[in-house]
2 protein chains.
Amino acid sequence: MSHDNSTKEYSISDLAEEFDVTTRTIRFYEDKGMIHPERRGQTRVFLARDRVRLKLILRGKRLGFTLKEICEIIDMYDDVAGEKGQLNLLLEKIKIRRTELEEKRRDLDAAEQELIEVEGRISARMKELGLS
Amino acid sequence: MSHDNSTKEYSISDLAEEFDVTTRTIRFYEDKGMIHPERRGQTRVFLARDRVRLKLILRGKRLGFTLKEICEIIDMYDDVAGEKGQLNLLLEKIKIRRTELEEKRRDLDAAEQELIEVEGRISARMKELGLS
DNA sequence: GTTTACCTTTACGTAAACGTAAAGTATTTT
DNA sequence: AAAATACTTTACGTTTACGTAAAGGTAAAC
């Protein structure tokens, strides 16, 4: 077994197309130290690891985190290899982030409920006005 | 019954304090036409309606919507009083927004799952290193 | 061999969402 | 009446997250 680890490669425009962002965006993220593609000559070569990171970044953005926050969150994934004291701190950080996510979930639930209510009011109004 | 409708009043700093934003932020939202406080002389007087709007705005922000998107969403709540064609369009818009919310929910679930996994790996690592 | 298609760096520009300072008004406290 | 407090408008400044040329390198296709 060459324990393959999915050694596929991607160009910058491969990823840009797949995730519907511009190449500028990807280069910007590299500039900020959020992705670390390899180089073949001067050309960037992205591996599975980079692709995962990009996916995480974009997900973070959809959830309303800033790039700085996203950095902090993603960096946690790599910090599991620390020693005792570090790990306790890391657990604390994770707890805080999970609390944030729960708050977002409550916001999400509330927002969805309101849309559902508006739909209800619209249906009622449409029946009032005639047939649907 | 004076069908009170909670006719309480708020100053700009009341709301700023309650929601932990600056007065500048609130004035900015008014400037953008997102809140419409009354005036007593030149001083702003906020009513329950304005407070609700502010709450909606801040919730939208926490969910990663732009102020423009938040405007579009909040405006939908007022558009229920339209006629037939408008209402159908409105239903379409709501459907789109609900789809967005569902995507955010999937993102949220995935993010939470990953944090849980990291917690697991940390616990394992801590047992490896000795006692917790 | 030159066009086409990607890739690169450098660098100024921009929209969004406020921050911050200046300068003034109105009321309440000492 | 002087000081403190809370409100106001006006306007320039700042950070974030890229957009958008400009100017060029490299490799396949015609």
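Per chain, numbering begins at 1; letters A, B, ... match sequence-line order. Only this structure's heavy atoms are used, side chains among them; waters, hydrogens and symmetry mates stay out.
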Looking at every strand, decide which applies to B:Arg40 at a 4.0 Å heavy-atom threshold: base, sugar-phosphate, or nothing.
nothing
Give B:Lys32 one of three labels, base, sugar-phosphate or nothing, depending on what nucleic acid heavy atoms sit under 4.0 Å from its own.
nothing
Looking at five pairs on each end of the helix from C:dG1-D:dC30 to C:dT30-D:dA1, what is the angle between the two axes, given to 10 degrees?
10°
Whole angstrom is fine here: how far is it from CZ in B:Phe28 over to P in D:dT8?
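Checked: the CZ to P distance equals 17 Å.
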Between B:Leu115 and B:Glu119, is the side-chain contact (heavy atoms from CB on, under 4.5 Å) condition met? List the steps.
CA-CA 6 Å; B:Leu115 288 189; B:Glu119 281 180 342; 5.7 Å; no
Specify the residues of residues 12-26 of chain A, ordered by number, for which at least one heavy atom lies under 4.0 angstrom from an atom of DNA chain D.
A:Thr22, A:Arg24, A:Thr25
Within residues 64-71 of chain A, the residues having a heavy atom closer than 4.0 Å to DNA chain D are A:Thr66, A:Leu67
Charged tip of B:Lys8 within 45° of B:Phe46 ring normal and under 6.0 Å
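Geometry flag: not set, cation outside 6.0 Å or 45°.
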Salt-bridge criterion met for B:Arg97 and B:Glu100 (N-O under 4.0 Å)
yes
Quick one: list whatever passes side chain to side chain contact (heavy atoms under 4.5 Å, CB included) with A:Lys93, sequence neighbours left out.
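Result, side chain to side chain contact (heavy atoms under 4.5 Å, CB included) vs A:Lys93: A:Met76.
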Testing the basics here: between [X] and [Y], what is the closest heavy-atom pair and its distance to 0.1 Å?
X	Y	value
B:Leu15	B:Leu54	CB-CD2, 4.0 Å
B:Leu63	A:Lys104	CD2-O, 3.6 Å
A:Ile35	A:Ile57	CG1-CD1, 3.9 Å
A:Val80	A:Leu87	O-CD2, 3.5 Å

Any B:Arg44 side-chain N or O less than 4.0 Å from OP1/OP2 of D:dC7:
no
Might you work through the salt bridge (Lys or Arg N to Asp or Glu O under 4.0 Å) test for A:Glu128 and A:Arg125, ending with a clear yes or no?
CA-CA 5 Å; A:Glu128 245 178 52; A:Arg125 178 118 173 79; 3.6 Å; yes
Evaluate whether atom CZ of B:Arg39 has more than 12 neighbouring non-hydrogen atoms of other residues, nucleotides or ligands under 6.0 angstrom away.
yes
Please test A:Arg106 against A:Glu112 for salt bridge (Lys or Arg N to Asp or Glu O under 4.0 Å), starting from the C-alpha separation and ending with a verdict.
CA-CA 10 Å; A:Arg106 279 195 301 277; A:Glu112 195 166 9; over 6 Å; no
What's the separation between atom CE in A:Met34 and atom CD1 in A:Ile74, rounded to the nearest 0.5 Å?
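Separation between the atoms: 5.5 Å.
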Would you mind listing every salt bridge (charged side-chain N to carboxylate O under 4.0 Å, His left out) that reaches into residues 54-63 of chain A, with sequence neighbours excluded?
A:Arg59-B:Glu114, A:Arg62-B:Glu103, A:Arg62-B:Asp107
Going 5' to 3' along DNA chain C, between which two nucleotides do contacts with chain B fall, using a heavy-atom cut-off of 4.0 Å?
C:dA17 to C:dT20
